[in-house]
Amino acid sequence: MKELIEVIAKALVDYPEEVAVTEKESDRGVVLELRVAQSDMGKVIGKQGRIAKAIRSVVKAAASKEDRKVTVDIVQ
């Protein structure tokens, strides 16, 4: 899942070298935190959060194939 988010995010941003994804275990499953450059934050979130929602949907679909619960958080 981590690699999937990295590939998607790097394709969207102007500074792909600043894309970082960290994976954490929690009580609600796996939490993947996506960090991008401050200037790229709008590109990853999109208008009214549409791109962020699409990223979460793709990751959720990929995780369901593996019977895993994965949450994507976009952090600064």
Side-chain angles (χ1 to χ4, degrees):
M1 298 304 137
K2 187 175 172 180
E3 297 83 17
L4 176 63
I5 295 175
E6 284 180 6
V7 169
I8 294 170
K10 286 181 180 182
L12 293 171
V13 299
D14 289 332
Y15 302 102
E17 65 278 355
E18 293 193 34
V19 172
V21 179
T22 56
E23 187 172 334
K24 296 182 180 178
E25 291 286 335
S26 74
D27 56 336
R28 59 181 181 158
V30 178
V31 177
L32 297 172
E33 292 183 348
L34 171 62
R35 286 183 169 78
V36 296
Q38 184 65 36
S39 60
D40 289 330
M41 192 62 78
K43 291 178 181 158
V44 173
I45 295 173
K47 289 187 179 181
Q48 298 178 351
R50 287 187 180 135
I51 294 176
K53 187 175 179 181
I55 292 171
R56 289 183 178 113
S57 296
V58 169
V59 171
K60 186 175 180 179
S64 69
K65 287 184 83 171
E66 299 176 6
D67 282 336
R68 293 176 64 192
K69 174 77 171 141
V70 178
T71 306
V72 178
D73 290 338
I74 302 170
V75 295
Q76 291 184 352

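In what follows, every heavy atom counts, from backbone to side chain, and hydrogens, waters and symmetry copies are set aside.
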Is there a continuous path of hydrophobic side-chain contacts, each under 4.5 Å between heavy atoms, that joins V13 to V59? yes

In terms of hydrophobic clustering (I, L, V, M, F, W, Y; side-chain heavy atoms under 4.5 Å; direct or indirect links), are V31 and V72 co-clustered? no

Name all residues meeting the side chain to side chain contact (heavy atoms under 4.5 Å, CB included) criterion together with [X]; count only those two or more places apart in sequence or in a different chain, and write none if there are none.
X	answer
E23	K2, V30, L32, R68
I51	L12, I55
A37	Y15, E18, S39, D40
Q76	Q38, M41

Contacts of type side-chain hydrogen bond (donor to acceptor under 3.5 Å, both in side chains), residue R56, not counting sequence neighbours: none

Can you give me the closest heavy-atom contact between E33 and V75, atom names plus distance?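 Smallest interatomic distance, heavy atoms only, reads CB-CG2, 4.2 Å.
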
Is a donor on one side and an acceptor on the other found under 3.5 Å between the side chain of S64 and the backbone of D67? no

Only one of T22, I8, V44 clears side-chain contact (heavy atoms from CB on, under 4.5 Å) with L34; which?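 For L34, the side-chain contact (heavy atoms from CB on, under 4.5 Å) test succeeds with only one of T22, I8, V44, which is V44.
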
When rounded to the nearest 0.5 angstrom, what is the spacing between NZ in K60 and OG1 in T71? 9.0 Å

Only counting residues at least two apart or in another chain, list the ones meeting salt bridge (Lys or Arg N to Asp or Glu O under 4.0 Å) with R50.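 Salt bridge (Lys or Arg N to Asp or Glu O under 4.0 Å) list for R50, sorted by chain: empty.
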
For Q48, does the CD atom have more than 12 heavy-atom neighbours from other residues, nucleotides or ligands under 6.0 Å away? no

